[in-house]
Number of protein chains: 4
Amino acid sequence: MSFTELKREVYEANMELQRRGLVIYTFGNVSQIDRDKGVIAIKPSGVSYDQMKADDMVIVDLENNIVEGSMRPSSDTKTHVHLYRHFDAIGGVTHTHSTYATAWAQAKQSIPCLGTTHADYVHGDITCTRELTDEQVNGDYELETGIQITDAYQDRDPKAAPMVIVAGHAPFTWGKDAAQSVYHAALLEEIARMAYLTRTLDPHAAELKKAVMDKHYLRKHGKNAYYGQSK
Amino acid sequence: MSFTELKREVYEANMELQRRGLVIYTFGNVSQIDRDKGVIAIKPSGVSYDQMKADDMVIVDLENNIVEGSMRPSSDTKTHVHLYRHFDAIGGVTHTHSTYATAWAQAKQSIPCLGTTHADYVHGDITCTRELTDEQVNGDYELETGIQITDAYQDRDPKAAPMVIVAGHAPFTWGKDAAQSVYHAALLEEIARMAYLTRTLDPHAAELKKAVMDKHYLRKHGKNAYYGQSK
Amino acid sequence: MSFTELKREVYEANMELQRRGLVIYTFGNVSQIDRDKGVIAIKPSGVSYDQMKADDMVIVDLENNIVEGSMRPSSDTKTHVHLYRHFDAIGGVTHTHSTYATAWAQAKQSIPCLGTTHADYVHGDITCTRELTDEQVNGDYELETGIQITDAYQDRDPKAAPMVIVAGHAPFTWGKDAAQSVYHAALLEEIARMAYLTRTLDPHAAELKKAVMDKHYLRKHGKNAYYGQSK
Amino acid sequence: MSFTELKREVYEANMELQRRGLVIYTFGNVSQIDRDKGVIAIKPSGVSYDQMKADDMVIVDLENNIVEGSMRPSSDTKTHVHLYRHFDAIGGVTHTHSTYATAWAQAKQSIPCLGTTHADYVHGDITCTRELTDEQVNGDYELETGIQITDAYQDRDPKAAPMVIVAGHAPFTWGKDAAQSVYHAALLEEIARMAYLTRTLDPHAAELKKAVMDKHYLRKHGKNAYYGQSK
């Protein structure tokens with residue numbers, strides 16, 4: 001894939017964030033990796049969606065060096081790069097401050113699996129990371145944010161839970177490419193909203209039973225999936 | 001009615017789900033039965049609303065066999081078929097994961113009749129089904145979901161309560177045809193939202209008194225109805 | 001004003017209900033009185049906003065007889081007529097089931113004056129009526145609904161509180177004409193939403209102090225008003 | 001800057017309030033100062049956004065005298081003028097009754113810094129002012145509202161917290177010009193909404209730790225900022 005094509009795909013995925021109501025002003029950013037070339041394309045920092053063009057996307061290598069582009073890349077670039085280096089199977093990363101997912105992050109609570117909408121896309125809870133120490137905050141902050149996330153996946157397949165919430169901050173999601181990471185960001189926001197409504201209606205609402213969690217997740221994922229047209 | 005006409009009506013009803021804000025991406029599905037021909041038309045599985053055409057609807061018989069169509073039918077087809085077999089008077093079925101109705105399903109609570117908006121359309125509460133056993137989940141899951149629903153109507157007329165919520169899952173609604181089942185899905189979402197707001201404002205808010213429940217339901221339904229232009 | 005002009009104004013006011021998000025499907029109705037002719041124009045019963053034309057409005061006299069029109073008037077007509085007979089100074093009436101105002105009605109609670117947004121438009125709380133007895137429900141129900149409302153205003157000027165919520169049901173609002181009654185319906189919904197958010201954030205949030213209630217109400221109303229361009 | 005240009009900028013900023021969903025009807029007002037000329041332009045009182053033209057903006061001096069304009073200025077003009085006189089560094093002021101920020105004002109609670117979305121724009125909490133005494137309410141009310149606000153900033157830089165909520169009333173925000181004050185009003189509404197959701201999910205949700213508050217604020221502000229393209 002040429003840099004032009006990569007930037008175009010990342011641009012389109014970023015614009016979808018705004019269309020789905022997941023961002024306002026300059027909030028959020030999406031990237032995609034070209035693993036053959038060892039580079040990612042990512043949104044420039046602090047540019048509003050209304051003024052952004054495909055050619056404004058910045059190409060960065062996996063040591064966080066700018067390879068092509070006249071603008072400064074997203075201030076969260078190091079977090080994205082860390083996720084690509086650590087999670088071999090992913091091709092796109094999205095970061096938003098979408099409202100309901102961010103409320104769970106601010107409450108520093110993992111989102112429990114309360115229903116099949118959640119179970120269809122995530123196997124188990126949507127984890128809220130541990131908090132950073134003051135040293136980590138004052139050190140290489142954006143890299144530490146990446147480490148916060150990957151530490152939460154030491155015993156977990158990132159494909160089985162392509163979304164996480166960072167304590168006190170906001171969500172990150174990923175997928176096979178930029179577009180799918182945005183899709184997961186939109187699903188997360190809806191799942192977070194349903195879980196908020198459920199728990200404010202009944203603070204003791206219980207998690208879905210394990211058999212249903214497995215059933216729904218496996219209807220859509222893995223070799224015995226039977227949802228959709230071509231899995 | 002020809003298959004073409006049946007598919008057209010089911011397609012339009014599915015598209016209405018998106019216009020009413022009841023679904024995102026590939027969520028939800030609507031079907032309609034032709035009782036003379038013994039077939040239903042239903043949304044194909046996992047197809048997004050933006051790309052769907054009327055001709056993509058799948059024709060299935062009451063033994064769940066595909067009669068016409070090149071795509072796989074909704075993974076919830078067996079639930080729909082069970083409802084048509086069990087509820088003689090219905091002509092259309094809708095399944096969504098609409099936000100507020102799903103929150104009640106996740107809280108595993110029936111929606112109590114708290115006001116006349118509810119009483120206008122449903123006589124009594126909107127029942128939350130029992131949960132499935134692990135065996136049922138691991139057995140013929142989508143058929144068992146249908147049985148969960150019909151079990152809740154053993155002593156109840158499905159026309160007097162054309163909407164139900166499945167515990168831990170989401171709502172199903174029905175009507176005389178596909179379009180009316182979608183209408184009931186939209187009404188359910190609004191009723192569920194009002195009930196959520198009422199109960200979070202006052203967890204002990206009481207049910208409407210029986211006389212008002214009857215009055216409002218019978219203003220709109222039955223031989224003495226006086227709402228609307230031609231009942 | 002000719003019947004044609006009266007119907008046109010009432011039609012436009014009804015359509016505004018939909019544009020403001022206060023109704024779905026056939027919910028709600030607006031009327032306006034011509035006191036010289038002793039008639040009101042009102043929305044026909046059970047007609048959806050998308051299909052309604054100005055000429056569908058029904059002209060009814062103050063004994064609830066149809067004077068002109070081929071359709072059945074709103075099933076709530078007797079409530080409207082009672083309000084016009086009882087409140088001399090009003091020219092328009094609106095009924096909706098708008099979401100937040102209806103939630104307060106379902107909780108059977110008056111909306112306390114918690115802030116200046118409320119105080120700008122209503123002097124004191126937005127009263128929730130008493131409930132009807134079973135006899136009243138089974139008697140002349142829509143007339144009794146009107147009496148429920150006027151009973152709540154025995155010691156109160158309807159102009160100082162142009163909105164009320166009927167217990168277990170939904171709001172009615174009024175104004176100098178149909179358009180202003182819709183304006184009050186939209187303001188009520190926003191005030192109800194703010195009060196809901198305030199009380200779920202802090203169930204003990206106190207009412208605004210009397211001096212601020214008076215100040216804000218009198219900034220906008222009465223002979224010393226100084227808000228706006230020409231009072 | 002000519003009066004015509006000043007009025008144009010203030011008009012555009014006022015219209016943006018409506019596009020961002022921060023006002024309905026005639027709610028809200030925005031102003032901007034020309035410090036060289038010693039005048040501000042401000043929205044006229046009680047005019048709806050749909051009918052307003054740029055030339056309707058009113059030019060007022062810092063003694064609250066009308067310098068140019070045929071309409072009455074916003075009834076909140078004295079509050080704006082007091083803020084410009086007291087906060088040297090600001091160039092624009094916005095007042096809204098946006099829903100979630102107003103709910104916090106009605107609950108008379110400051111908005112705690114619960115996450116990085118807040119920390120990105122405000123250093124510390126978003127203060128709720130003290131209440132006015134009855135004497136102050138019945139005195140020069142709009143001036144007293146300004147004093148309420150500036151009293152809350154005696155030990156605080158208004159640039160580090162360009163937004164405040166007035167107890168029992170609603171928010172005021174400011175910025176280097178009218179447009180930036182509207183931007184802060186929109187950010188406040190989103191921050192207020194996230195904080196509402198967090199605290200209703202967990203009433204004891206803790207404030208963000210100091211190190212993260214500082215980190216996020218200083219990523220975007222001050223001489224070591226590294227967010228965006230040109231700071």
Side-chain angles (χ1 to χ4, degrees), chain C residues 16 19-22 98-100 111-121 175 179-180 182-221 224-231, chain D residues 23-29 44-48 51 56 58 70-78 95-109 111 131-142 144-145 165-170 192-193 195-201 203:
Chain C
E16 178 76 355
R19 278 192 296 270
R20 290 277 167 185
L22 300 170
S98 69
T99 313
Y100 284 86
I111 303 176
C113 181
L114 299 170
T116 63
T117 318
H118 180 131
D120 279 338
Y121 300 101
Q180 198 187 49
V182 171
Y183 173 65
H184 289 151
L187 291 170
L188 167 55
E189 181 62 6
E190 182 62 11
I191 292 166
R193 190 175 166 219
M194 285 175 176
Y196 168 84
L197 296 173
T198 306
R199 279 287 166 93
T200 47
L201 189 60
D202 176 6
H204 307 293
E207 278 194 290
L208 205 59
K209 63 196 307 187
K210 185 73 170 60
V212 184
M213 278 195 213
D214 291 347
K215 176 72 189 174
H216 268 263
Y217 189 73
L218 298 173
R219 265 199 342 170
K220 291 210 173 186
H221 302 88
N224 295 318
Y226 56 93
Y227 179 91
Q229 298 300 328
S230 55
K231 292 242 171 153
Chain D
V23 294
I24 56 171
Y25 295 112
T26 63
F27 286 28
N29 43 69
S45 181
V47 174
S48 86
Q51 293 165 0
D56 294 337
V58 186
S70 55
M71 302 186 95
R72 203 186 288 181
S74 165
S75 56
D76 299 308
T77 299
K78 280 187 185 175
H95 172 52
T96 78
H97 287 212
S98 70
T99 313
Y100 285 86
T102 301
W104 283 92
Q106 294 190 160
K108 303 193 184 75
Q109 291 184 30
I111 305 176
E131 293 188 70
L132 294 180
T133 64
D134 285 10
E135 254 178 5
Q136 290 167 336
V137 171
N138 294 323
D140 201 346
Y141 176 67
E142 288 80 10
E144 294 289 353
T145 301
I165 53 183
V166 176
H169 188 160
R193 190 175 166 218
Y196 167 84
L197 295 173
T198 306
R199 279 286 167 93
T200 48
L201 189 58

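The sequence lines fix the lettering, A, B, ..., with proteins before strands; numbering per chain opens at 1.
Contacts of Glu142(D) with chain C are made by side-chain atoms alone, with heavy-atom separations under 4.5 Å and no backbone atom involved. For a residue to count as touching a neighbouring chain, one of its non-hydrogen atoms must lie under 4.5 Å from one of that chain's; by this rule Val166(D) does not touch chain C. Residue contact with chain D, scored on non-hydrogen atoms closer than 4.5 Å, is absent for Ala119(C). There is no contact between Ser74(D) and chain C, counting heavy-atom distances below 4.5 Å. With a threshold of 4.5 angstrom between heavy atoms, Pro44(D) approaches chain C through its backbone and through its side chain.
Heavy-atom minimum distance, His97(D) versus Thr117(C): ND1-OG1, 2.8 Å. Among all heavy-atom pairs drawn from Tyr141(D) and Lys215(C), the shortest one is CB-CE, 3.4 Å. Counting all heavy atoms, side chain and backbone alike, Leu208(C) lies closest to Gly168(D) at CD1-O, 3.6 Å. In plain terms, the two heavy atoms of Gly228(C) and Ser45(D) that are nearest each other are N-OG, 2.7 Å. The minimum heavy-atom distance between Val182(C) and Tyr25(D), with the atom names listed, is O-OH, 4.4 Å. Residues Ala205(C) and Ala107(D) come closest through the heavy atom pair CB-CA, 4.4 Å.
Side-chain atoms of Gln229(C) never come within 3.5 Å of backbone atoms of Gly46(D) as a donor-acceptor pair (strictly under, hydrogens ignored). Remark: the backbone N or O of Leu132(D) is paired with a side-chain donor or acceptor of Lys209(C) at under 3.5 angstrom.
Chain C forms more heavy-atom pairs under 4.5 Å with one residue of Asn138(D), Val137(D), Thr133(D) than with any other, namely Val137(D). Per-residue counts of heavy-atom pairs under 4.5 Å with chain C were compared for Arg199(D), Gln109(D), Met71(D); the largest is that of Met71(D). Residue with the most contacts toward chain D among Leu201(C), Asp202(C), Asp120(C): Leu201(C) (heavy-atom pairs, distance under 4.5 Å).
Residues satisfying the salt bridge (charged side-chain N to carboxylate O under 4.0 Å, His left out) criterion with Glu190(C), sequence neighbours excluded, are Arg193(C). Under the rule for a salt bridge (charged side-chain N to carboxylate O under 4.0 Å, His left out), the partners of Asp76(D) that lie at least two apart in sequence or sit in another chain are Arg219(C).
The side chain to side chain contact (heavy atoms under 4.5 Å, CB included) test with Leu197(C) singles out one residue from Thr200(D), Thr99(D), Thr102(D), and that residue is Thr99(D).
Between Tyr226(C) and Arg72(D) the shortest side-chain heavy-atom distance falls below 4.5 Å. With a 4.5 Å cut-off on side-chain heavy atoms, Trp104(D) and Thr198(C) do not count as touching.
Ring planes of His169(D) and His216(C): perpendicular class, angle over 60° (limits at 30 and 60°).
Distance check: Ile24(D) CD1 to Arg20(C) CZ gives 6.5 Å after rounding to the nearest 0.5 Å.
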